[in-house]
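Read through the structure below, which is laid out as C-alpha coordinates, and then see the notes.
All values below come from the heavy atoms of this structure, side chains included, with hydrogens, waters and symmetry mates left out. We're numbering straight along the sequence, starting at 1.
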Amino acid sequence: DGSTVTLYARWTANKYTVVFNGNTNTSGSMNNQSFTYDVAKALTANVFVKTGYTFAGWATSADGEVVHGNSAEVSNLTTDVNGRVDLYAKWTANDVTLTITVGAQATGYTVTVNGTPVNYTSKNGNVYTYGIKYDNVVSISANTSTGYVIDEATTSSVFTIAGDKSVSYAFTIQGNV
(Lines give C-alpha, C1' and ligand atoms only; values in the text may rest on other atoms or scores of the structure.)
Protein backbone atom coordinates (compact mmCIF):
# COMPACT_ATOMS: atom_id res chain seq x y z
CA ASP A 1 0.00 0.00 0.00
CA GLY A 2 3.03 2.28 0.07
CA SER A 3 2.46 3.88 3.47
CA THR A 4 5.41 4.55 5.73
CA VAL A 5 5.61 2.90 9.11
CA THR A 6 7.85 4.49 11.71
CA LEU A 7 9.29 2.23 14.38
CA TYR A 8 10.88 3.49 17.56
CA ALA A 9 13.43 1.63 19.60
CA ARG A 10 12.50 1.18 23.21
CA TRP A 11 15.41 0.94 25.60
CA THR A 12 15.42 -0.55 29.07
CA ALA A 13 18.32 0.23 31.38
CA ASN A 14 20.39 -2.72 32.52
CA LYS A 15 20.02 -3.91 36.08
CA TYR A 16 22.99 -5.12 38.10
CA THR A 17 23.81 -6.24 41.64
CA VAL A 18 26.53 -5.10 44.03
CA VAL A 19 27.81 -7.83 46.35
CA PHE A 20 29.61 -6.68 49.50
CA ASN A 21 32.54 -8.77 50.78
CA GLY A 22 33.85 -8.20 54.34
CA ASN A 23 37.40 -9.13 53.27
CA THR A 24 38.62 -10.71 56.56
CA ASN A 25 35.98 -9.01 58.71
CA THR A 26 35.37 -10.48 62.17
CA SER A 27 31.61 -9.81 62.27
CA GLY A 28 28.68 -8.38 60.38
CA SER A 29 26.98 -9.21 57.11
CA MET A 30 25.48 -7.15 54.31
CA ASN A 31 22.75 -7.86 51.80
CA ASN A 32 23.37 -7.45 48.09
CA GLN A 33 22.20 -4.15 46.60
CA SER A 34 20.36 -3.69 43.28
CA PHE A 35 21.22 -0.90 40.83
CA THR A 36 19.94 0.37 37.49
CA TYR A 37 22.33 1.68 34.83
CA ASP A 38 22.39 5.51 34.59
CA VAL A 39 20.72 5.91 38.00
CA ALA A 40 23.02 7.22 40.75
CA LYS A 41 22.47 5.65 44.15
CA ALA A 42 24.33 5.56 47.48
CA LEU A 43 26.04 2.32 48.44
CA THR A 44 24.58 0.71 51.55
CA ALA A 45 26.49 1.91 54.62
CA ASN A 46 29.12 -0.56 55.79
CA VAL A 47 28.18 -2.74 58.78
CA PHE A 48 31.17 -5.11 58.64
CA VAL A 49 33.53 -5.00 61.63
CA LYS A 50 37.14 -6.12 61.90
CA THR A 51 38.57 -6.12 65.41
CA GLY A 52 41.49 -3.71 65.71
CA TYR A 53 40.80 -2.06 62.36
CA THR A 54 38.83 0.87 60.94
CA PHE A 55 36.83 0.62 57.72
CA ALA A 56 38.61 2.62 54.96
CA GLY A 57 36.23 2.13 52.02
CA TRP A 58 35.47 -0.27 49.16
CA ALA A 59 37.81 -1.78 46.57
CA THR A 60 37.04 -3.88 43.49
CA SER A 61 39.45 -6.64 44.56
CA ALA A 62 40.51 -8.06 47.93
CA ASP A 63 43.98 -6.50 47.67
CA GLY A 64 42.99 -3.44 45.63
CA GLU A 65 42.95 0.24 46.53
CA VAL A 66 39.89 2.02 47.91
CA VAL A 67 37.75 3.32 45.04
CA HIS A 68 34.49 4.13 46.88
CA GLY A 69 33.97 5.60 50.34
CA ASN A 70 31.34 4.47 52.82
CA SER A 71 27.83 5.24 51.48
CA ALA A 72 29.35 6.77 48.32
CA GLU A 73 26.95 7.66 45.53
CA VAL A 74 27.77 5.51 42.50
CA SER A 75 26.42 4.73 39.07
CA ASN A 76 27.26 2.62 36.03
CA LEU A 77 29.53 0.17 37.85
CA THR A 78 29.00 -2.31 35.01
CA THR A 79 27.33 -2.36 31.59
CA ASP A 80 26.53 -6.09 31.79
CA VAL A 81 22.85 -7.05 31.76
CA ASN A 82 22.09 -8.58 35.16
CA GLY A 83 25.77 -8.06 35.99
CA ARG A 84 27.49 -8.53 39.31
CA VAL A 85 29.95 -6.13 40.93
CA ASP A 86 31.94 -7.34 43.93
CA LEU A 87 33.11 -4.70 46.41
CA TYR A 88 35.63 -5.61 49.11
CA ALA A 89 35.93 -3.87 52.47
CA LYS A 90 39.35 -2.30 52.98
CA TRP A 91 40.73 -1.95 56.50
CA THR A 92 43.27 0.31 58.20
CA ALA A 93 45.00 -0.99 61.34
CA ASN A 94 44.20 1.03 64.46
CA ASP A 95 46.95 2.75 66.43
CA VAL A 96 48.06 1.04 69.64
CA THR A 97 50.24 2.48 72.40
CA LEU A 98 53.06 0.39 73.86
CA THR A 99 54.44 1.70 77.15
CA ILE A 100 57.70 0.48 78.66
CA THR A 101 58.91 1.44 82.11
CA VAL A 102 62.66 1.01 82.39
CA GLY A 103 63.87 0.09 85.87
CA ALA A 104 67.14 1.24 87.39
CA GLN A 105 68.78 -2.15 86.72
CA ALA A 106 68.19 -1.97 82.95
CA THR A 107 71.33 -1.09 81.03
CA GLY A 108 69.64 -0.83 77.63
CA TYR A 109 66.93 -2.29 75.50
CA THR A 110 65.76 -2.45 71.90
CA VAL A 111 62.20 -2.46 70.57
CA THR A 112 61.52 -3.80 67.08
CA VAL A 113 58.24 -3.73 65.18
CA ASN A 114 57.91 -6.32 62.41
CA GLY A 115 61.68 -6.80 62.56
CA THR A 116 62.59 -3.10 62.30
CA PRO A 117 64.03 -1.18 65.29
CA VAL A 118 61.84 1.76 66.34
CA ASN A 119 62.36 4.82 68.53
CA TYR A 120 59.99 5.95 71.25
CA THR A 121 57.43 8.64 70.43
CA SER A 122 57.48 10.18 73.90
CA LYS A 123 59.38 9.88 77.19
CA ASN A 124 58.42 10.82 80.73
CA GLY A 125 61.19 10.01 83.19
CA ASN A 126 61.85 6.29 82.78
CA VAL A 127 58.56 5.62 80.94
CA TYR A 128 58.86 5.31 77.15
CA THR A 129 55.86 5.27 74.81
CA TYR A 130 55.79 3.79 71.31
CA GLY A 131 53.08 4.26 68.68
CA ILE A 132 52.48 1.05 66.74
CA LYS A 133 49.65 -0.57 64.78
CA TYR A 134 47.24 -3.33 65.73
CA ASP A 135 48.57 -6.81 64.84
CA ASN A 136 52.20 -5.62 64.56
CA VAL A 137 54.73 -8.11 65.88
CA VAL A 138 56.77 -6.40 68.59
CA SER A 139 59.97 -7.72 70.13
CA ILE A 140 61.70 -6.28 73.17
CA SER A 141 65.31 -7.17 73.93
CA ALA A 142 66.97 -5.91 77.09
CA ASN A 143 70.41 -5.91 78.65
CA THR A 144 70.15 -5.75 82.42
CA SER A 145 72.23 -5.95 85.54
CA THR A 146 72.97 -9.32 87.11
CA GLY A 147 70.20 -10.66 89.33
CA TYR A 148 67.22 -9.09 87.54
CA VAL A 149 64.75 -10.21 84.85
CA ILE A 150 62.17 -8.59 82.58
CA ASP A 151 58.75 -8.42 84.20
CA GLU A 152 56.31 -9.10 81.38
CA ALA A 153 52.63 -8.32 81.44
CA THR A 154 51.36 -10.94 79.01
CA THR A 155 47.81 -9.55 78.81
CA SER A 156 48.87 -5.95 78.40
CA SER A 157 50.79 -3.75 76.01
CA VAL A 158 52.64 -2.32 79.04
CA PHE A 159 56.00 -3.89 79.93
CA THR A 160 58.46 -3.16 82.71
CA ILE A 161 62.14 -3.85 82.09
CA ALA A 162 64.09 -4.50 85.27
CA GLY A 163 65.92 -7.67 84.37
CA ASP A 164 69.18 -9.59 84.89
CA LYS A 165 70.51 -10.60 81.49
CA SER A 166 69.94 -10.10 77.79
CA VAL A 167 66.45 -11.40 77.08
CA SER A 168 63.93 -11.08 74.31
CA TYR A 169 60.18 -11.23 74.52
CA ALA A 170 58.11 -11.22 71.31
CA PHE A 171 54.34 -10.80 71.18
CA THR A 172 51.58 -9.66 68.85
CA ILE A 173 49.78 -6.48 69.90
CA GLN A 174 46.04 -7.02 70.17
CA GLY A 175 45.04 -3.52 71.29
CA ASN A 176 45.26 -1.42 74.43
CA VAL A 177 44.18 -3.67 77.29
- Item | Connected-component partners of L7 among ILVMFWY, side-chain separation under 4.5 Å | V5
- Item | By salt bridge (Lys or Arg N to Asp or Glu O under 4.0 Å) - contacts of D86 (at least two apart) | R84
- Query: How would you list all residue pairs meeting ring-ring contact (aromatic ring centres under 6.0 Å, His included) that involve residues 71-98, not counting sequence neighbours?
  - Reply: F55-W91
- Query: For Y120, is the NZ or CZ atom of K123 found under 6.0 angstrom from the centre of its six-membered ring and inside 45 degrees of the ring axis?
  - Reply: no
- Message: For a 4.5 angstrom cut-off between non-hydrogen side-chain atoms, does T60 reach V67?
- Response: yes
- Task: Could you pull out all residues at least two apart from N94 that satisfy side-chain contact (heavy atoms from CB on, under 4.5 Å)?
- Result: T54
- Query: By side chain to side chain donor-acceptor pair (under 3.5 Å), which residues pair with K15, not counting sequence neighbours?
  - Reply: T36
- Determine whether T79 and Y37 make a side-chain contact, defined as any pair of heavy atoms from C-beta on separated by less than 4.5 Å. yes
- Any donor-acceptor pair under 3.5 Å linking the side chain of Q33 with the backbone of A42? yes
- Task: Please examine the side chains of M30 and F48, heavy atoms only from C-beta on, and report whether any two atoms are closer than 4.5 Å.
- Result: yes
- Query: Does the side chain of F20 reach to within under 4.5 Å of the side chain of V85, using non-hydrogen atoms?
  - Reply: no
- Under the criterion side chain to side chain donor-acceptor pair (under 3.5 Å), which of T26, N25, T24 is the partner of K50? T24
- Task: Return the set of residues passing side chain to side chain donor-acceptor pair (under 3.5 Å) with N21 (not counting sequence neighbours), or none when no residue passes.
- Result: none
